[in-house]
Amino acid sequence: MSRKYKFHNKEGLYFVSFATVYWIDVFVRNQYFSAITESLEYCCQNKGMCLFAYCIMPSHVHLIFNDANSNPGKLLKEFKVYSSKQMQKLIEENPQESRKEWMLWMMQRAGNLNSNVKNRQFWQQNNHPIELWSNKVINEKLNYIHNNPVEAGFVEEAHHWKYSSAKNYAGEKGQIDVHLL
């Protein structure tokens with residue numbers, strides 16, 4: 001693995017992106033979005049996550065965060081393990097999920113290909129952390145995160161995407177409280 005994709009500075013501010021296996025569009029129902037926002041809130045309140053920006057897209061998540069406990073890799077792993085189990089359970093138990101069997105089969109398929117996974121795999125393993133070392137890079141990543149739904153054609157203005165900190169930066173109440181940069 002390349003050195004550039006690791007958490008080298010444990011106190012650093014990081015941009016991370018991570019996606020569902022096979023880029024499955026899972027986050028298309030409010031209950032799935034809510035499960036991820038609740039998991040992030042829990043990490044902020046109980047695990048030392050200091051969240052500065054986020055955007056939850058149908059198949060992936062972007063974050064800017066740091067860890068008050070100086071172990072961002074461990075924190076992100078705990079978030080992904082917990083949210084993976086939670087999301088799979090929600091999908092399994094959702095009688096209105098028309099793609100349930102297919103999604104669970106794809107997760108099982110991904111898990112079978114990964115010796116680190118016992119059953120199904122929800123998230124891809126890579127996170128690609130990038131340390132944000134200057135105001136210029138921070139602003140680039142912040143704009144990238146917030147404009148992701150605009151570029152995808154979901155909304156015309158960034159703050160219209162419900163599951164993004166763009167609302168917070170526009171002076172509105174977002175789904176999750178963040179520390180503004």
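Quick caveat, the model's predicted, so the values are computed rather than measured.
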Do the charged groups of Glu78 and Lys80 touch, with an N to O distance under 4.0 Å?
no

Phe65 and Tyr14 aromatic ring geometry - parallel, tilted or perpendicular at 30°/60° bounds
tilted

Between Phe33 and Tyr163, how do the two ring planes meet: parallel, tilted or perpendicular, split at 30° and 60°?
parallel

In this structure, are over 12 heavy atoms from other groups packed under 6.0 Å from [X] atom [atom1]?
X: Lys100; atom1: NZ; result: yes
X: Trp133; atom1: CH2; result: no
X: Glu156; atom1: CD; result: no

Is it the case that Ser84 and Gln88 place a side-chain donor and acceptor less than 3.5 Å from each other?
yes

If you measure from [atom1] on [X] to [atom2] on [Y], what distance do you get to the nearest 0.5 Å?
X: Lys10; Y: Asn69; atom1: NZ; atom2: CG; value: 12.5 Å
X: Ile176; Y: Ile56; atom1: CD1; atom2: CD1; value: 5.5 Å
X: Ser134; Y: Glu140; atom1: OG; atom2: CD; value: 7.0 Å
X: Lys141; Y: Ser17; atom1: NZ; atom2: OG; value: 7.5 Å
X: Met49; Y: Tyr54; atom1: CE; atom2: OH; value: 12.5 Å
X: Asn119; Y: Asn112; atom1: CG; atom2: CG; value: 8.0 Å

State, to 0.1 Å, how close [X] and [Y] come at their nearest heavy-atom pair, and which atoms those are.
X: Glu97; Y: Met103; value: CD-CE, 3.4 Å
X: Ser59; Y: Asp25; value: CB-OD1, 3.4 Å
X: Lys173; Y: Asp177; value: NZ-OD1, 2.8 Å
X: Asn126; Y: Phe18; value: O-CB, 3.8 Å
X: Tyr22; Y: Ala110; value: CE1-CB, 3.7 Å
X: Asn116; Y: Asn114; value: N-OD1, 2.8 Å

[Y] side chain reached by [X] side chain, heavy atoms, under 4.5 Å:
X: Trp23; Y: Gln124; answer: yes
X: Val150; Y: Trp161; answer: no
X: Leu76; Y: Leu63; answer: yes
X: Asn66; Y: Phe7; answer: no
X: Phe52; Y: Ile145; answer: no
X: Met106; Y: Arg109; answer: yes
X: Asn30; Y: Lys162; answer: yes
X: Val178; Y: Tyr169; answer: yes

N/O donor-acceptor pair under 3.5 Å between [X] side chain and [Y] backbone:
X: Asn94; Y: Leu90; value: no
X: Gln121; Y: Met107; value: no
X: Glu151; Y: Gly153; value: no

Examine [X] and [Y] and state if one hydrophobic cluster contains both, with Ile, Leu, Val, Met, Phe, Trp and Tyr joined whenever side-chain heavy atoms are less than 4.5 Å apart.
X: Tyr82; Y: Phe122; result: no
X: Trp123; Y: Val81; result: no
X: Trp105; Y: Val28; result: no

Test Leu181 against Leu13 for side-chain contact (heavy atoms from CB on, under 4.5 Å), laying out the working first.
CA-CA 11 Å; Leu181 291 167; Leu13 179 65; 4.1 Å; yes

Apply the side chain to side chain donor-acceptor pair (under 3.5 Å) test between Ser165 and each candidate in His179, His146, His62; give the one that qualifies.
His146

Would Asn148 and Phe154 satisfy side-chain contact (heavy atoms from CB on, under 4.5 Å), going step by step from the backbone distance to the final call?
CA-CA 9 Å; Asn148 209 246; Phe154 294 132; over 6 Å; no

